[in-house]
There are 2 protein chains.
Amino acid sequence: MEIINQIDEVKRCSVQYVLALNDTLNVINGKWKLPIIGSLMYGKKRFKELERNIDKISPRMLSKELKDLENNGVVERTVYNTTPVTVEYELTESGKTFHSVLDVMVEWAVEHRERTLEL
Amino acid sequence: MEIINQIDEVKRCSVQYVLALNDTLNVINGKWKLPIIGSLMYGKKRFKELERNIDKISPRMLSKELKDLENNGVVERTVYNTTPVTVEYELTESGKTFHSVLDVMVEWAVEHRERTLEL
DNA sequence: CCGAATCCCGCCTGATACTG
DNA sequence: CAGTATCAGGCGGGATTCGG
């Protein structure tokens with residue numbers, strides 16, 4: 001058991017660990033990434049729909065954040081040749097599984113609150 | 001199964017969920033929180049030790065971030081009446097369990113890389 | 001409709017110096 | 001040692017305008 005913990009600590013210390021952690025942080029960072037992901041959890045949406053769904057976001061920010069998420073492989077963008085053009089955004093498979101990360105974050109916070117209030 | 005997923009979605013939509021998520025985000029945000037937590041994972045440390053351990057952090061930032069983490073119940077501060085004063089920082093119980101959140105973030109990132117490279 | 005380009009501001013952060 | 005004080009710079013992000 002002791003040796004197991006040491007192995008885990010080594011793993012946690014590795015460069016790979018830190019790099020992977022950064023990947024996840026990049027999906028989270030900024031003010032709008034999570035609201036966008038949250039909105040897309042319910043299915044594909046168009047640009048304007050997202051803009052309406054997410055409170056107070058400007059098209060500039062929405063565009064920038066969507067591009068980030070696309071580069072990170074979390075969101076997929078599809079353009080349809082209609083006039084005017086229609087663009088749809090949806091979560092990739094990885095994007096869909098991201099809720100598991102969020103769930104753990106929430107779980108920790110809830111337990112943390114209980115532990116903190118106990119004092 | 002379908003009904004279960006709906007319950008989960010409702011849960012994820014609730015105000016409580018978002019608030020808890022924010023709690024966790026506050027523990028993560030900024031450039032220095034995770035390095036500090038990581039450094040304290042190996043045991044209690046004094047201010048100067050942390051400053052030496054964490055690359056390029058200024059005392060100003062270290063002080064501020066430690067104060068944040070203390071307010072969030074993740075770090076505990078102990079002052080000893082020596083001359084000159086000795087101050088030790090250590091993770092609270094919640095702080096120690098936080099690695100479980102980090103592990104899940106890393107796990108997601110690793111799987112995400114595999115899925116993305118497959119294409 | 002779907003953005004790109006531009007301008008601008010606040011605050012977060014870094015650097016440096018100083019105190020109990 | 002363990003921080004605080006002060007100033008300056010950069011960058012995230014808001015507002016607005018314009019183009020395909």
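Just the heavy atoms: all of them, side chains too, but no hydrogens, waters or symmetry mates, feed the values below. Proteins get letters first, then strands, A, B, ... in listed order; numbering begins at 1 in each.
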Rounded distance (Å) that lies between atom P of D:dT6 and atom CE of B:Met61: 16 Å
Atom pair distance, as rounded to whole Å: CD1 in A:Ile57 and P in D:dA15: 12 Å
Touch class at under 4.0 angstrom, heavy-atom based, for B:Lys31 against every strand present: sugar-phosphate
Presence of salt bridge, B:Glu88 and B:Lys44, under 4.0 angstrom: yes
Sugar-phosphate, base or nothing in reach of A:Ser63, heavy atoms under 4.0 Å: sugar-phosphate
Euclidean distance, atom CG of residue A:Asn29 to atom P of D:dC11 [Å, nearest integer]: 15 Å
Whichever of A:Pro84 and A:Pro59 has its nearest DNA chain D nucleotide further upstream toward 5': A:Pro59
Given DNA chain C, 5'-ward residue of the pair B:Val85 and A:Val85, judged by closest heavy atom: A:Val85
Flag side-chain contact, heavy atom, 4.5 Å: B:Phe47 against B:Leu66: yes
Distance-only donor-acceptor test (3.5 Å): side chain B:Arg60, base D:dG3: no
Under 4.0 angstrom between B:Trp32 side-chain N/O and C:dC12 OP1 or OP2: no
Out of D:dG13, D:dG3, C:dC1, whichever nucleotide has its closest atom nearest the side chain of B:Val87: D:dG3
Salt bridge A:Glu51-A:Lys48, side-chain N to carboxylate O under 4.0 Å: yes
Closest listed nucleotide, where the reference is the side chain of A:Arg46 and the choices are D:dA2, D:dT4, C:dC1: C:dC1
Protein-nucleotide distance (B:Lys56, atom NZ; C:dG14, atom P), rounded to Å: 12 Å
Exam field: side chain B:Thr116 to backbone B:His112, donor-acceptor pair closer than 3.5 Å: yes
Gap between atoms CD and C1', on B:Glu51 and D:dT4 respectively (whole Å): 13 Å
Sugar-phosphate only, base, or nothing, as touched by B:Tyr89 at under 4.0 Å among non-hydrogen atoms: sugar-phosphate
Any donor-acceptor N or O pair under 3.5 Å, side chains A:Thr97, B:Trp108: yes
Interatomic distance, B:Glu65 CD vs D:dG3 C1' [rounded to whole Å]: 15 Å
Rounded distance in Å - NZ (A:Lys64) to C1' (C:dG3): 15 Å
Separation of atom CD in A:Glu49 from atom P in C:dG3, rounded to whole Å: 13 Å
N or O in side chain of A:Arg52 less than 4.0 angstrom from C:dC2 OP1/OP2: no
